Amino acid sequence: MPEGEGAGSVTDATTVPRPRRLLDHGAWFLVLPALIPILVLSVGPLLYGVGLAFTDAQAGRTEPTEWIGSLNFRDLRRDTLFWESFGIGLVWAVGVTVPQFLLGLGLALLLTQKLRLRWLARSLAIIPWAMPEVVVGIMWRLVYSPDAGILNETLRDFGFGDGRDWLTGLGTALPAVIVVGIWAGLPQTTVALLAGLQNTPRELHEAAALDGAGAWRRFWAVTWPALRPVALAITALNLIWNFNAFALVWVLTAGGPGGRTRLPTLFAYEEAFRYGQFGYAAAMGCAMVAVISVVLAVFLVGRLRGGEEK
């Protein structure tokens with residue numbers, strides 16, 4: 001073998017890059033400031049709650065807490081009231097998430113147009129997002145007030161009867177609360193979709209317009225493919241946030257009337273802090289996490305497969 005070839009082969013062999021480790025020692029110092037709060041405030045309480053679900057922990061109990069295995073989960077499987085609240089939670093989550101996405105998409109498309117005072121419209125659109133949920137709940141309780149609420153006053157002015165008590169009616173409580181949930185969560189969906197629309201290449205829209213494509217055709221052929229990842233992410237997050245909602249519904253109805261707005265989070269809260277059944281309430285939390293994870297996984301897999309087929 002010639003000398004040059006041998007030297008070159010040795011050099012090539014020594015310059016072959018070795019597989020890099022996931023994180024080197026220096027990178028861990030950059031990750032730790034964000035990792036420690038997650039471990040302390042999220043992962044730690046989650047693991048503690050899972051362990052608590054297998055015990056008979058109760059408030060005010062003098063005896064030591066004992067390990068009871070899956071007894072709480074067996075009782076939970078036969079708890080029809082909890083599964084009724086779980087169904088209400090799914091209706092609430094879907095009933096809020098779907099209109100939030102459709103209205104947010106329409107509003108985001110509108111705010112991308114060259115309108116006068118567009119900056120003011122964008123600022124006003126995020127006002128509900130800046131308000132605490134407790135304040136939103138109190139404000140909407142005043143709107144729905146049967147005596148002096150603006151909604152009933154408006155209906156009276158237009159001749160639609162004497163009004164009604166929207167938050168205590170068996171047939172109107174859940175729809176009324178869903179309307180408030182849509183209003184309160186609409187800004188974050190709009191902002192996320194608006195950011196996605198800003199990343200859509202303008203050149204593609206111009207080329208499609210030159211080819212004679214109308215607005216609807218340009219949306220499906222150009223805008224939607226670029227917006228799809230953002231839409232998938234914000235829909236999944238909204239589904240989780242809405243299913244885990246608590247403060248807004250608690251301020252509006254506290255789960256009433258007759259349990260018609262008792263979301264599973266409210267049910268678990270009452271079980272833990274009204275009746276002191278901490279172990280049983282923790283089992284409810286584990287069931288909620290498991291079921292919503294399965295539903296969300298099916299949703300994401302379906303959407304991703306649909307995107308790949310396209």
Side-chain angles (χ1 to χ4, degrees), residues 20-55 57 59 65 67 72 86 89 92-93 96-97 100-101 104 125-137 181 184-196 198-199 229-251 263-273 276-297 299-301 303-304:
R20 297 183 61 184
R21 289 176 295 179
L22 181 62
L23 285 175
D24 57 24
H25 296 292
W28 278 109
F29 290 101
L30 300 177
V31 175
L32 282 178
L35 186 60
I36 291 176
I38 294 176
L39 293 175
V40 174
L41 301 177
S42 297
V43 178
L46 177 62
L47 295 178
Y48 178 76
V50 172
L52 196 66
F54 294 92
T55 67
T65 299
W67 181 270
N72 285 328
F86 203 95
W92 152 268
V96 174
T97 300
Q100 270 182 356
F101 175 76
I126 64 173
I127 287 180
W129 197 7
M131 300 175 62
E133 288 186 335
V134 174
V135 176
V136 172
L186 183 60
Q188 62 208 38
T189 305
T190 303
V191 170
L193 295 175
L194 185 60
Q198 300 296 326
N199 294 327
V230 177
L232 178 63
I234 192 61
T235 303
L237 290 174
N238 280 342
L239 190 64
I240 297 173
W241 288 332
N242 291 327
F243 185 80
N244 292 325
F246 175 82
L248 185 63
V249 181
W250 180 262
V251 173
L263 305 184
T265 50
L266 274 67
F267 197 100
Y269 171 84
E270 291 181 346
E271 196 69 28
F273 298 103
Q277 301 294 330
F278 294 136
Y280 191 51
M284 292 181 182
C286 293
M288 286 187 282
V289 171
V291 174
I292 197 62
S293 298
V294 172
V295 173
L296 186 60
F299 168 76
L300 292 175
V301 170
R303 294 294 299 270
L304 291 175

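All values reported here derive from a predicted model rather than from experimental measurement.
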Under the rule for side chain to side chain contact (heavy atoms under 4.5 Å, CB included), what residues qualify as partners of A57, not counting sequence neighbours?
L52, T55, T65, F278
If I take atom [atom1] from residue [X] and atom [atom2] from residue [Y], how far apart are they, to the nearest 0.5 angstrom?
X: L39; Y: L47; atom1: CG; atom2: CG; answer: 9.5 Å
X: L239; Y: I292; atom1: CG; atom2: CD1; answer: 4.5 Å
X: Q277; Y: N72; atom1: CD; atom2: CG; answer: 8.5 Å
X: L186; Y: W129; atom1: CG; atom2: CH2; answer: 11.0 Å
X: L237; Y: L232; atom1: CG; atom2: CG; answer: 9.5 Å
X: T265; Y: E270; atom1: OG1; atom2: CD; answer: 10.0 Å

Distance-only, no hydrogens or angles: does the [X] side chain make a donor-acceptor pair with backbone N or O of [Y] under 3.5 Å?
X: T189; Y: F101; value: no
X: W92; Y: N242; value: yes
X: N238; Y: T97; value: no
X: Q188; Y: I234; value: no

Restricting to non-hydrogen atoms, name the atom on [X] and the atom on [Y] that form the minimum distance, rounded to 0.1 Å.
X: A282; Y: G49; answer: CB-O, 3.4 Å
X: G51; Y: W67; answer: O-CZ3, 4.1 Å
X: G185; Y: Q100; answer: CA-NE2, 3.1 Å
X: A192; Y: V230; answer: O-CG1, 3.3 Å
X: M284; Y: A268; answer: SD-CA, 3.7 Å
X: L248; Y: A184; answer: CD2-CB, 4.4 Å

Residue pairs fulfilling side chain to side chain donor-acceptor pair (under 3.5 Å) with at least one residue in residues 280-293, sequence neighbours excluded:
D79-Y280
ring-ring contact (aromatic ring centres under 6.0 Å, His included) involving W250 - partner list, sequence neighbours excluded
F246, Y269
